[in-house]
Amino acid sequence: MKIVKDWITRSIPRSKVEISTIDLLDKQETEIKLASVSNDIPLYWVQSLGLGAGTVKIRDNNPYLKIDEVSEEFIDAELSVLKSTYMTLQALLPRFLDTPRPRRTGIL
């Protein structure tokens with residue numbers, strides 16, 4: 001996320017980027033974080049999971065698993081992240097609908 005933040009601040013003059021890390025599986029933590037975000041600033045969402053977040057370690061620089069190496073627990077874990085992300089985005093949807101879209105600069 002720091003790489004994304006640095007890229008945005010270099011590419012878009014006067015941009016202000018804040019990074020927050022929360023456990024999306026912790027509903028209370030998520031609600032507290034969402035409630036702390038001011039309503040008078042535009043809000044955009046960038047999310048990095050797994051490899052991009054650095055939480056997944058890969059063998060031999062190969063991020064892909066063979067079918068017989070994928071466990072049901074792994075699939076359940078991936079689905080739980082998807083579900084929590086969906087619930088968080090659903091909670092933020094009214095806010096996103098009120099946020100002006102960035103103008104097209106060719107950068108993003």
Side-chain angles (χ1 to χ4, degrees):
M1 293 305 298
K2 183 179 179 331
I3 293 169
V4 173
K5 177 183 178 177
D6 292 347
W7 179 82
I8 292 171
T9 55
R10 278 193 319 270
S11 302
I12 303 172
R14 294 170 283 154
S15 62
K16 180 181 177 192
V17 179
E18 292 185 29
I19 297 173
S20 297
T21 56
I22 60 172
D23 180 356
L24 293 177
L25 296 174
D26 183 330
K27 185 176 180 180
Q28 183 179 9
E29 180 183 353
T30 302
E31 288 174 350
I32 290 169
K33 177 53 77 176
L34 295 179
S36 74
V37 176
S38 174
N39 285 327
D40 63 349
I41 60 171
L43 180 64
Y44 305 95
W45 178 310
V46 176
Q47 181 173 343
S48 181
L49 301 170
L51 290 175
T55 57
V56 175
K57 303 299 178 206
I58 57 175
R59 181 180 50 208
D60 301 325
N61 290 326
N62 184 356
Y64 303 103
L65 296 173
K66 295 178 181 176
I67 294 296
D68 58 354
E69 294 176 343
V70 177
S71 67
E72 288 185 29
E73 292 81 16
F74 178 82
I75 293 170
D76 288 341
E78 292 294 318
L79 290 175
S80 70
V81 171
L82 177 62
K83 182 178 179 181
S84 63
T85 300
Y86 171 78
M87 290 186 313
T88 305
L89 284 171
Q90 194 173 36
L92 285 170
L93 184 59
R95 175 75 185 272
F96 286 135
L97 292 174
D98 286 341
T99 299
R101 293 185 178 188
R103 62 185 175 87
R104 300 284 179 190
T105 62
I107 296 173
L108 296 176

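Keep in mind it's a predicted model, so treat the numbers as computed, not measured.
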- Note on the structure: Closest non-hydrogen contact found for Pro13 with Ser11 is CD-O, 3.6 Å

- Single-linkage hydrophobic cluster Ile32~Ile22, side-chain heavy atoms < 4.5 angstrom: no

- Check side chain to side chain donor-acceptor pair (under 3.5 Å) between Gln90 and all other residues, then give those that pass, not counting sequence neighbours. Tyr86

- Query: Take atom CG in Leu93; do more than 12 heavy atoms of anything else shown fall under 6.0 Å from it?
  - Reply: yes

- Message: Taking side-chain contact (heavy atoms from CB on, under 4.5 Å) as the definition, give me every residue that meets it alongside Ile19, ordered by chain and number, with sequence neighbours left out.
- Response: Met1, Lys5

- Between the CE atom in Met87 and the CG atom in Leu82, the distance rounded to the nearest 0.5 Å is 10.0 Å

- Excluding sequence neighbours, so at least two apart, what forms side-chain contact (heavy atoms from CB on, under 4.5 Å) with Thr21? none

- side-chain contact (heavy atoms from CB on, under 4.5 Å) partners for Arg10, two or more places apart: Asp6, Trp7

- Full working for side chain to side chain contact (heavy atoms under 4.5 Å, CB included) between Arg95 and Leu34: CA-CA 10 Å; Arg95 175 75 185 272; Leu34 295 179; over 6 Å; no

- Note on the structure: Between Ala91 and Pro94, the two heavy atoms sitting closest are O-CD, 3.6 Å

- Task: Can you sort out the partners of Glu18 under salt bridge (charged side-chain N to carboxylate O under 4.0 Å, His left out), two or more places apart, ordered by chain and number?
- Result: Lys16

- Does anything in residues 24-38 pair up under side chain to side chain donor-acceptor pair (under 3.5 Å), and if so which pairs, sequence neighbours excluded? Ser38-Asp40

